[in-house]
Amino acid sequence: MAKTDKKLLRDGGPAARIAVIPGDGIGREVTPEAVKVLRSVASAGERQIELVEFDWSADKYLREGISLPPGAVEMLRDEFDAILFGALGDPRVPSNQHAADILLGLRFKLDLYVNARPVELLHERLTPLRDRKERDIRLIVFRENTEGLYVGVGGFFKKGMPEEIALQEDVNSRKGVERIIRHAFDYARRHGLKRVCMSDKSNAMTFAHDLWQRVFKEVRQEYPQIDSRHLYIDTLAMEIVRDPSQFDVIVTCNLFGDIISDLGAQLAGGLGLAPSGNIHPGRTSLFEPVHGSAPNIAGKGIANPLGSVLTSAMLLDFLGWTREAAAVHDSVKAALFNNYLTSDLGGDKSTVAVGDWLAERVARFNP
Ligand code: NAD
Ligand code: IPM
Ligand code: MN
C-alpha cells in the first residue's frame, strides 16, 4: 500500500491495516480477544480492517535467534496504520533481550514519543481507595517514550570484579522534553481539561531535570488558560493516592511514567484493566495493555482481556473511528456492571468467555 493511500485511511476513512503482535505469555491469550472485539465492531460499523499477525516472541527468539527482523520497522511504518501489541517477557530469556529489541526498538525506531496511559475508574468498587467515585479517578499520564534512562547508553567497568562499576545514562534532549510537554498541554486544551502537572526529580537530578524545569516554564506560558503545576515525583506518588481527583493530565519522563502508570492502574482496578498507546501523532503507532506477559498465570485461560480490549478502543480512536471506540469502551463498562469478569476482578469467567461476551455486545453497535 502506498504511503499516501495509508494517510487517507488514517483520517477517519473506512479501512485500516493493523499489525498484530501477540508476543509472549498472556499477550497471546488477551490479544486474540481484543482482535475478536475489533473485528466485531468494525463489521458492525461497516469498516474494513485488515489484520496481519506477526509471531515475534521469546519462542521465535529462542528458536531462530531473531527478535525484531530486519526491515520490520520500515514495513510497519509504510504498510500499517497501527499496531496492536500484547506483551513480551519470558523466564527463558532472563536478559529480556527480545523484549528490548522489539518493544523498546519499536518505540524508539518508530519515534513513538507519547506513551499515553489513561487512568479511568470505570466502576467505583474497583478502586482500593475508600469513598472514591468514578469522577474522582479520571486522568491521563503522558510518559516520555523515546529518551531518559531507557535509551541503553551506558556500560560496565571491571565487570564481575569486586570494584565493578555500572553506568546507565539518562538522556534528555530539549526537543524530546519539549514535544512531550507540549503534547500534554495540547491534549488538555483539545479535551477541555484544565489541569496539567509536570513531575520530575529536579531537586536531585540537577542537570537532566533542570532541563525539564526550564522547558516546562517556557511551554506553560503558551497555555495561560490551563492551570499548570509541578510536583516532584515522590510527592506525586503520594498525592495521587491521597487525592487522585486533583489530576487531569500528568506529564513525566520515561522511567517515572512507567512507575506512576502502574500505580495509577491499581487505583482504577489493577493491571488487568489498564490500556496504553505508544503514539507519534499522524504516524503508525503501537497500542498495548500496560501489563506484561504475566508468566504466573499464563496458559491457564484466566488472564483479564479488558486491558487489551480497552487498548483496542484507544487504537480505534487513533484511527479516527471514535464511535467504534466508544462502543468498545461501553462494552467493557457493561462487562463490569454485569460482573462478567475474570477472577482478578472477582469474576469466574475465562479470558475467552469475556472476549466472546464483548464481541457479541459490540456486534449490536449501530453506526
Ligand atoms: P505483569 O504485568 O506481567 O504481572 C504483574 C502481576 O499482575 C502478576 O501477578 C500478573 O498475574 C498480574 N496481571 C497482569 N496482567 C494481568 C491480566 N491481564 N489479568 C490478570 N492478571 C494480570 O508484570 P511482571 O510480572 O513484572 O512481568 C512479567 C514479564 O512481563 C516480565 O518479563 C516483564 O519484563 C514483562 N513486561 C512486559 C511488558 C510489555 O510487554 N509491555 C510490560 C510489563 C512487564
Ligand atoms: C511497560 C513495561 C516496559 C517498560 C518494560 C517491559 C521494558 O514495563 O511497558 O510499562 O518499562 O516500558
Ligand atoms: Mn511498566
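Atoms within a ligand are numbered from 1 in the order they appear, just like the ligands themselves. Starting from 1, each residue takes its place in the sequence as its number.
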Classify the contact between [X] and ligand 1 as side chain, backbone, both or neither, using a heavy-atom distance cut-off of under 4.0 Å.
X	value
Asp24	neither
Pro91	neither
Leu103	side chain
Asn304	both

Please state whether the rings of [X] and [Y] are parallel, tilted or perpendicular, taking 30° and 60° as the class boundaries.
X	Y	answer
Phe318	Phe287	tilted
Phe54	Phe80	perpendicular
His230	Phe216	tilted
His191	Tyr187	parallel

Nearest protein heavy-atom contact for [atom]: which residue, which atom, what distance?
atom	value
atom 34 (O) of ligand 1	Asn96 ND2, 3.5 Å
atom 11 (O) of ligand 2	Tyr150 OH, 2.5 Å
atom 14 (C) of ligand 1	His291 CB, 3.6 Å
atom 41 (N) of ligand 1	Glu288 OE1, 2.8 Å
atom 11 (O) of ligand 1	Asn296 OD1, 2.9 Å
atom 21 (N) of ligand 1	Ile297 CD1, 3.6 Å
atom 9 (O) of ligand 2	Arg107 NH2, 2.7 Å

Test the Arg143-Tyr150 pair against the cation-pi criterion, namely NZ or CZ under 6.0 angstrom from the six-membered ring centroid and within 45° of the ring axis.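 Yes, Arg143 sits over the ring of Tyr150.
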Answer yes or no for [atom]: protein heavy atom present at a distance under 4.0 Å?
atom	value
atom 4 (C) of ligand 2	yes
atom 25 (O) of ligand 1	no
atom 16 (C) of ligand 1	yes
atom 19 (N) of ligand 1	yes

Do the non-hydrogen side-chain atoms of Pro118 and Pro275 ever get within less than 4.5 Å of each other? yes
May I ask you to test the Ile137-Leu129 pair for a side-chain heavy-atom distance under 4.5 Å? yes
Under 2.8 Å from the Mn ion (ligand 3), the protein N, O or S atoms found are Asp258 OD1
Salt bridge or not between [X] and [Y]? Use side-chain N to carboxylate O under 4.0 Å.
X	Y	result
Glu239	Arg242	yes
Asp170	Lys201	no
Glu74	Arg77	no
Glu218	Arg174	yes
Arg132	Asp243	yes

Below 4.0 Å from any atom of ligand 1, is there a heavy atom belonging to [X]?
X	value
Gly307	no
Val290	yes
Ser293	yes

Looking at [X], which atoms of ligand 1 are within less than 4.0 Å of one of its heavy atoms?
X	answer
Gly89	32 (O)
Ile26	15 (N), 16 (C), 17 (C), 18 (N)
Leu271	2 (O), 5 (C), 7 (O)

Asp101-Ser67 side chain donor-acceptor pair, cut-off 3.5 Å: yes
Would Ala294 count as being in polar contact with ligand 1, using the rule that some N or O on each side must be under 3.5 angstrom apart? yes
Close N or O approach (Leu88, ligand 1; < 3.5 Å): yes
Measure the distances from the heavy atoms of His291 to every atom of ligand 2 and state whether one is below 4.0 angstrom.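 Judged by the 4.0 Å heavy-atom criterion, His291 does not count as contacting ligand 2.
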With salt bridge (Lys or Arg N to Asp or Glu O under 4.0 Å) as the test, would you mind laying out the steps for Lys133 and Asp136 before giving the verdict? CA-CA 5 Å; Lys133 305 274 179 240; Asp136 296 326; over 6 Å; no
Among Asn115, Leu286, Ile102, exactly one meets side-chain contact (heavy atoms from CB on, under 4.5 Å) together with Arg107. Which residue is that? Asn115
Out of Leu112, Asn278, Leu110, Val20, which one pairs with Ile83 under the side-chain contact (heavy atoms from CB on, under 4.5 Å) rule?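 Going through Leu112, Asn278, Leu110, Val20 one by one, the side-chain contact (heavy atoms from CB on, under 4.5 Å) with Ile83 is satisfied by Leu110 alone.
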Atom OG1 of Thr127 and atom CD of Gln266: how far apart are they, to the nearest 0.5 Å? 8.5 Å
Give the C-alpha distance, both sets of side-chain angles, the deciding distance and a yes or no for salt bridge (Lys or Arg N to Asp or Glu O under 4.0 Å) between Glu178 and Lys175. CA-CA 5 Å; Glu178 185 175 335; Lys175 174 187 163 195; over 6 Å; no
Looking at Leu103, Asn254, Asp258, the heavy atom closest to atom 6 (C) of ligand 2 belongs to Leu103
Option whose closest heavy atom lies nearest to atom 43 (C) of ligand 1, chosen from Gly23, Ser276, Pro305, Gly292: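 The residue whose heavy atom sits nearest atom 43 (C) of ligand 1 is Gly292.
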Just wondering, more than 12 heavy atoms not from Lys60 lying within 6.0 Å of its NZ?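 Enclosed.
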With atoms numbered from 1 as shown, which atoms in ligand 2 lie under 4.0 angstrom from a non-hydrogen atom of Arg117?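 This gives 1 (C), 9 (O), 10 (O) as the contact atoms.
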